[in-house]
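A short write-up of the structure that comes next.
Residue numbers start from 1 in every chain, and the chains themselves are labelled A, B, ... in the order their sequence lines are given, proteins ahead of strands.
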Amino acid sequence: MKAIGAALVVAGAALLGHLAASERERRVRELDGLLYGLNLLETEVVFGLTMLPIALERAAQGGSGAGALFSTAARELRKGSGAAKAWVAGIRALERRSALKEGDMMPLLYLGGTIGLSSAQDQSRHLQLARRQIEARLEAERRRLPQVARLVRALGLCGGLAAALMLV
Amino acid sequence: MSTLMATQVADRRLAHVLSILPPWVEEALSSLDPRERSEVEEIRISQGQPLTVTLSGGDRFISPKAHAHAQSQDFRIEKHHVDSVLDAITQSSVYALEEAMKEGYLSLPGGHRVGISGRPRLDRGEVVGFSCITGFNVRINRPVHGASRLVLPSLMRPGGTIYSTLIISPPGCGKTTLLRDLVRTLSEGASELGLRPHRIGVADERSEIAGSHLGVPQNDLGPRTDVIDACPKRISMSMLIRSMRPDVVATDEIGHPDDVRAVSDARSAGVVLLVTAHGETLKDLTARASLRPLLKGSYFGRIVILSRRKGPGTVERVIKGREEL
């Protein structure tokens, strides 16, 4: 009975470690998707001179993984909200279902003050700046990820073993 | 059209404009009574200034309800008000409309027009955009069907066609409204007047005649009318004549020497011209060196002078031009 309990504790802790590591991996995928989405948005805005609601819808349909940001912002714009308000609503929608951290959202929040409301050249500068900041965070996370994921998984397992030993 | 119907149409047009503008503007205009709403010609929104509506009887200062405790003239437009209007009229897409904004105005769906003021960004003497925008003048598009009916008989020549006509008036006296209705009537034809239908080419450099939004005419200009929108008259008039084979070419606000050259070329091509120019009298036009050749030459058979004496579109005089003499 004790052995079964200990095994369950070890498995549970290992699972928690695995989930924590997966969350870090998901953050990397989402940062990557966000970059792709911003890239699509920049193409529509700067080169296509597409009206913002349509540009956001196209970025949302691009399968970037950050679709919630763009689709919510587009929907809010269609409802008559201003660009800044619509963009912030998009960020909140993205936050609700993502592994991104608060710091990952900062470049997006800064973008909210300017999106749509300046020349194409200026839009390009702001979008590129946001992309560069996100890229930097993505690179840093990518570098750390293999070790951190291994560490978190190992910690989960070891924590589970330690707890099991104490229980036994 | 009955007064009631005209009021309803005017109110619908205003409601359409207000649906494009941010809600605080509609809130402010709700203080107007129905008669005043039907008379709104312009809404002026300029940072640091009161919110002003131009009615046919003159200007009036108004304020949103949130500021109702203060006198309307005490309410001042702030930067966030201006930003909200910019956001609304561009659908948050300033970058996409920059090219149009270089001209100092934007066309809205429905043919309404928004003049823009602020500080333009210049490059080699050319406006390339705005570094800051501080104000708007929203002009409600009100095509008046039948505006040309009174004057049309005096512009007609034998054979069911009309003389080349120059319409002169100061701004806001109904030049464009008259021109637009002339275009529509000529395009449709008017059998009761013995006027045959004409193919019309409209060189609409400032998108005022057709009120085009994203290139699509928003005003009814008749079934035989082709429009070239937002293109210099010199180019669009020659394009129309070469490619669309019009009987009549119409254009607004001539004044630049290039426009005069385009008019001269069009007359040489044998098309009838309908053009407008700013001025109070013929003398004003002859005083402008660029327009003098037009008046000296035999380009126009009729010159119509408008004023606001009995409201916009008051026909002061119809003068026989040299074309007929």
Q) With a 4.5 Å heavy-atom cut-off, do B/V94 and A/S118 have their side chains touching? A) no
Q. Are more than 12 heavy atoms from other residues, nucleotides or ligands located less than 6.0 Å from atom CD of B/E99?
A. no
Q | Other residues, nucleotides, ligands: >12 heavy atoms within 6.0 Å of B/K102 NZ | A | yes
Q: List the atom of B/E98, the atom of A/A120, and the distance in Å for their closest heavy-atom pair.
A: OE1-N, 3.8 Å
Q: Please answer whether the main-chain N or O of A/G82 pairs with a side-chain N or O of B/D87 as donor and acceptor at a distance below 3.5 Å.
A: no
Q.
Please check if the number of heavy atoms outside A/M105 that lie under 6.0 Å from its CE is greater than 12.
A. yes
Q) What distance separates B/S131 OG from A/D122 CG, expressed to the nearest 0.5 Å? A) 11.5 Å
**Q.** Interchain contact, A/L117 with chain B, by part (heavy-atom threshold 4.5 Å)
**A.** both
Q | Value rounded to 0.5 Å, distance of CE in B/M101 from OG in A/S119 | A | 10.5 Å
Q: Would you mind telling me which of A/V45, A/V46, A/L49 has the largest number of heavy-atom pairs within less than 4.5 Å of chain B?
A: A/V45
Q: Quick one: pull up OG1 in A/T50 and OH in B/Y95 and give me the separation to the nearest 0.5 Å.
A: 6.5 Å
Q | Side chain to side chain, A/S81 and B/S92, heavy atoms closer than 4.5 Å | A | no
Q: For residues A/M51 and B/L97, determine if any side-chain heavy atom of one lies less than 4.5 Å from a side-chain heavy atom of the other.
A: yes
